[in-house]
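Presented below is the structure to which this report refers.
As the structure is a computational prediction, the values presented were derived from the model and not from experiment. Naming convention: chains lettered A, B, ... in sequence-line order (proteins, then strands); numbering from 1 in each chain.
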Amino acid sequence: MVILSTSPDLELNFQQVEEKWQKRWSESRIFEADPDESRPKFYVTVAYPYPNMPQHIGHARTYTLADVYARYKRMRGYNTLLPMAFHYTGTPILAQSKRIQSNDRELIEQFKSLGVSEDVIKTFDSPLNIARYFHNDLKLGMIEMGYSIDWRREFTTIDPAYSKFIEWQFYKLKSRGYITKGVHPIGWCPSCRNPVGQHDTKGDAEPEVGEFVAIKFFMDGSYLPAATLRPETIFGVTNIWVNPKSDYVEVEAGGERLILSKPAAKKFDEQSSGVKVIRELKGSTLVGKYAVNPLTGDRIPVLPADFVDPENATGVVMSVPAHAPYDLLAIMDLQNHPERLKEYGLDAGVVSSLKPIPVVRSPGLPDIPTVDLIQKLGVRDQLDPKAEEATKELYQREFHTGEMRAETGRYAGMPVSEAKEEIKNDLIRSSKAFKFYEIINGPIYCRCGAKVTVNLMSDQWFINYGDQNWKSLVKDHLNKMSILPEELREEFENVVDWLKEKACARRAGLGTPLPWDRDWIIESLSDSTIYMAFYTIAKTLNEARIDPSLLTPEAFDYIFLGLGDPSSLGVPRNLLEQMRREFLYFYPLDSRHSGRDLVPNHLTFFIFNHVAVFPQPLWPRQIVVNGSVLMEGKKMSKSLGNIIPLRRAIRMYGADTLRVSILSASELLQDADFSDSLARTTKVKLQEFYKFSLKYCDAPPLSGEGFDSLDKWLLSRVQRIIEQATSSMENLRVREAIHCSFFILQQDIMWYLRRKGSQANDEKTRSIVRYALENMIKLMAPFSPHICEELWERFGHKGFISVERWPDIQYSLIDERSELSEDLVKGVIGDTSEILKVTGISPSKIYYYTSPRWKWEVYLNLLGLLESGVDPKSLLREAMKNPAIRSKGGVAAKFISTISSSIVTMPKEQRKKILSTGILDESEILNKNLQFLSEYFKSQVEVLSGESPRYDPKGKAEQALPMRPAIYIEGS
RNA sequence: GCGGGGGUCGCCAAGUCAGGUCAAAGGCGCAAGGCUCAGGACCUUGUGGCGUAGGCCUUCGUGGGUUCAAAUCCCACCCCCCGCACCA
């Protein structure tokens, strides 16, 4: 774009323009959508935000995309609804307020760096204050970004009416049999007596729960529960390991006595009930005793090993030297240090008689794989870190490729992965073992300082996403849904397959109590699956101030399912009917938007719950998923401190700049790399667009006839761009849409003006540029709505561009001949430049020789043959069947072979265009452009006919091809 | 392991679904020229190699294959990133 000299009224003040239009939008209520049977509707929603942090540029991507889509659909004539709400449900806000109560400097600094004032932070000791503060901040950010939201439908997920709605949903799930109850292990703080999630731990570590099998080895009236991840190796146990230096306790539980490490006893207590400590003992006192393998009945010794960690699992380990490197190493250590045996009064014979017992056979591994592996990796002893590596490697190999050996009875021949489960279940069923849970990525500490353990939540409620019938309904519907981008469909299908029971309630947090068991609060991923339906009635609930206590399950049954009699439900009948109408008008949801992190949970739950609760015609139609935003090439994170709050960014760059930058930075699924320089560049481009456009706001409107070829060319180009932009928008290829609506169209306009030369300021020219610009403003309106509104007004239009009609293609303005003419001129310029570059000549006179008529005829004939499906291989042969061509003989054959490859590789549209246009009078076209070419190359230019040129010193004329005149350049 | 995404000309990144407009868009960087007291900004041009005529040669993770034609389709392999849950 041309930079104009700065003049104040042409300068674009982003902030002023944005505020002006946001105010007008709000006053005129153009984004408030009500049912209107005379118009088709389009309903878009985005995942509502969790208000515990200021919004940043990453959030803005999803919201902007949804808004752009809504704006586009609105311009396409749809009665479009885009609502918004706030998700208060959950525990992180509680954790934050606790941290503020305890004056956590880190969190306070974080809030400060995100622009929260100290006075406000002080109020954050109450969780609701946090939610309300950020709720407001988020909402203002959305308004300042220019989102076309119908705010009458706003709510929070702890509003009483919403809770009633969630209760209704859960009753529905329960009555459909999708709610189950069971036991569930979770990360737990023994000091706070509360479950811990990622936000409750030091360093925000997510506690991972691993499941061990504790196999009970009988010993002196008590059991040693050996914890293992590989119960299938029980056939290869040669001995038991304990740590002689550690403290152990004997406990009584369920009428049995168990001996386990002291820390393990505490954990056992959390996971079991009625655990009573009977006595304490040193590990060393266990050494030398004998225990019995519950499966094989073998009598095996208890031996000392340093690698046994009393903090991990039960502190009792079964030794399988054939398949566990640690075990083999520990035995070797004992064999190499007989003095240690003496220490415990053990006979050397006990250890020397221990022979590895192979249980698993894996292709490519020896019978006793541990021996080789230890040698290969050069593991020194049981305390060598490489032992861990060896263990992992062997486990992987055997788990996936191994099978049980003949000696393992009824498990013989079974793949390890299967045998492991079988044996585990068999042992547990026969009370020879029990599950023991442990934090496997520990130690992890609660923010209170206590070490996180595992607690078994009994009576845990689940939504059973594992239900096969439910899954198949969901899959069927998924097949009918549109998924954008399509690449993600497969992932959705897989997620539906994997999903199992989802714990749907927890003991703490904001949210709705489970209606039939009020000690539990419905957790956030479970109370956010069908709320898009709630928006359709939230307007009425808000405006009519309906008493939430009247919102009984029966009321919702009527509103959403049309069940029951609306005259006897407490809520006035007319309101119920109004809500039902509005729900049926906007549902089903046309497009659901979110980031890709929600694919394996929210978005899939969303389909599941719709399928469970609503009748089939109301199931959602489309899901749109976008990638995240990087900041200067790096992931945004608290630790990198590279999070820019959205509202700060709006002040720095302007809303339209942000909208265009974020959406033009990448296509849907890819991460968009935001950077200061991107935003600056975009800002400058938008300013130039604005200033340039204003030059034409007083140009006459497009009218009448008398267009020359160039005029027709630009008018035609505008149609092509409309076509491309529309198809890009339909598929939400926003980057492509911006690219052609903004950058390509600008290039075309600039080229047009350049080509117009001295006529660039004629009224006719200006009217054509005005036409192109008005279309550009429309095409860009969804992306940069504020600037486009301002321009639209400056161009003298009364209404809002936001509700203006998206441009339709004017097929009558598509002019292939003019497009080809321009292709010819551009091609000639390109070829001439190439020759000048290679030869280094500075030209004094350039001669162009156009193709003789017969070449055009052959050329068109060839194109026609290809178009009719002739194989490129036989092109020459087919062409020669034509008597007119054959009569030309060798000249024609040579010509055909010269152009065949360029003809074959020509894009289909171009081929069709040339065919339908027919022979182009190249001489006429070039002669009309003599002056332009002459000025372009600062040289004389002459066009000569290829039939019989009057001047052709180098015999160039015969090189002429259709659309590529021959060139001869004289100069120095 | 299971599942998904991805490897493109210095960097970032389009193109791959519908093979031919692809030596391959765009941006950054770099180089030359213009502008300027100078720097920045900005504009023009160049940016795989070779070439005094619009051309030729080599290239899209690796190796094969299909085709008149492959970054694009098929097969095998190598490497990188993300998710696997009760957490929004």
Please determine whether a side-chain nitrogen of the Lys or Arg among A:Asp200 and A:Arg447 lies less than 4.0 Å from a carboxylate oxygen of the Asp or Glu.
no
Look at the side-chain N and O atoms of A:Ser524 and state whether any lies under 4.0 Å from the OP1 or OP2 oxygen of B:A88.
yes
5′-ward residue of the pair A:Val904/A:Gly187 relative to RNA chain B:
A:Val904
Distance, C1' atom - from B:U72 to B:G65, rounded to whole angstrom
15 Å
Decide yes or no for A:Trp461 and A:Glu523: does some side-chain heavy atom of the first lie under 4.5 Å from some side-chain heavy atom of the second?
no
Aromatic ring centroids of A:Phe462 and A:His184 under 6.0 Å?
yes
Test: A:Glu909 and A:Lys912 ion pair at under 4.0 Å
no
Taking atom P in both B:A71 and B:C77, compute the distance separating them and give it to the nearest angstrom.
23 Å
Does A:Glu487 or A:Lys956 map to a spot on RNA chain B nearer the 5' end, using the closest nucleotide for each?
A:Glu487
Gap in Å between the two P atoms, one belonging to B:G5 and one to B:C75, rounded
15 Å
If you measure from the C1' atom in B:G63 to the same atom in B:C79, how many Å do you get, rounded?
15 Å
Short side-chain N/O contact to B:G4 OP1/OP2 from A:Asn494, under 4.0 Å
yes
Which nucleotide in the set B:A85, B:G54, B:U21 lies at the smallest distance from any side-chain heavy atom of A:Pro907?
B:U21
Please determine whether a side-chain nitrogen or oxygen atom of A:Arg680 lies at a distance below 4.0 Å from atom OP1 or OP2 of B:G27.
no
Any N or O donor-acceptor pair linking the side chain of A:Asn601 to the base of B:A88 at under 3.5 Å?
yes
Rounded to the Å, how far apart are A:Lys500 NZ and B:C86 P?
11 Å
Phosphate oxygens OP1/OP2 of B:A88: is one of them under 4.0 Å from a side-chain N or O of A:Thr91?
yes
Of all the choices, B:A88, B:G4, B:G51, which nucleotide is nearest to the side chain of A:Lys837 once you look at every atom?
B:G51
Per A:Ile835 side chain, nearest of listed nucleotides B:G4, B:A53, B:U21:
B:A53
A:Tyr849 ring center within less than 6.0 Å of A:Tyr968 ring center
no
Which nucleotide in the set B:C2, B:C68, B:A88 lies at the smallest distance from any side-chain heavy atom of A:Lys873?
B:C68
Under-4.0 Å side-chain N/O to phosphate OP1/OP2 contact, A:Arg735 with B:G15
no
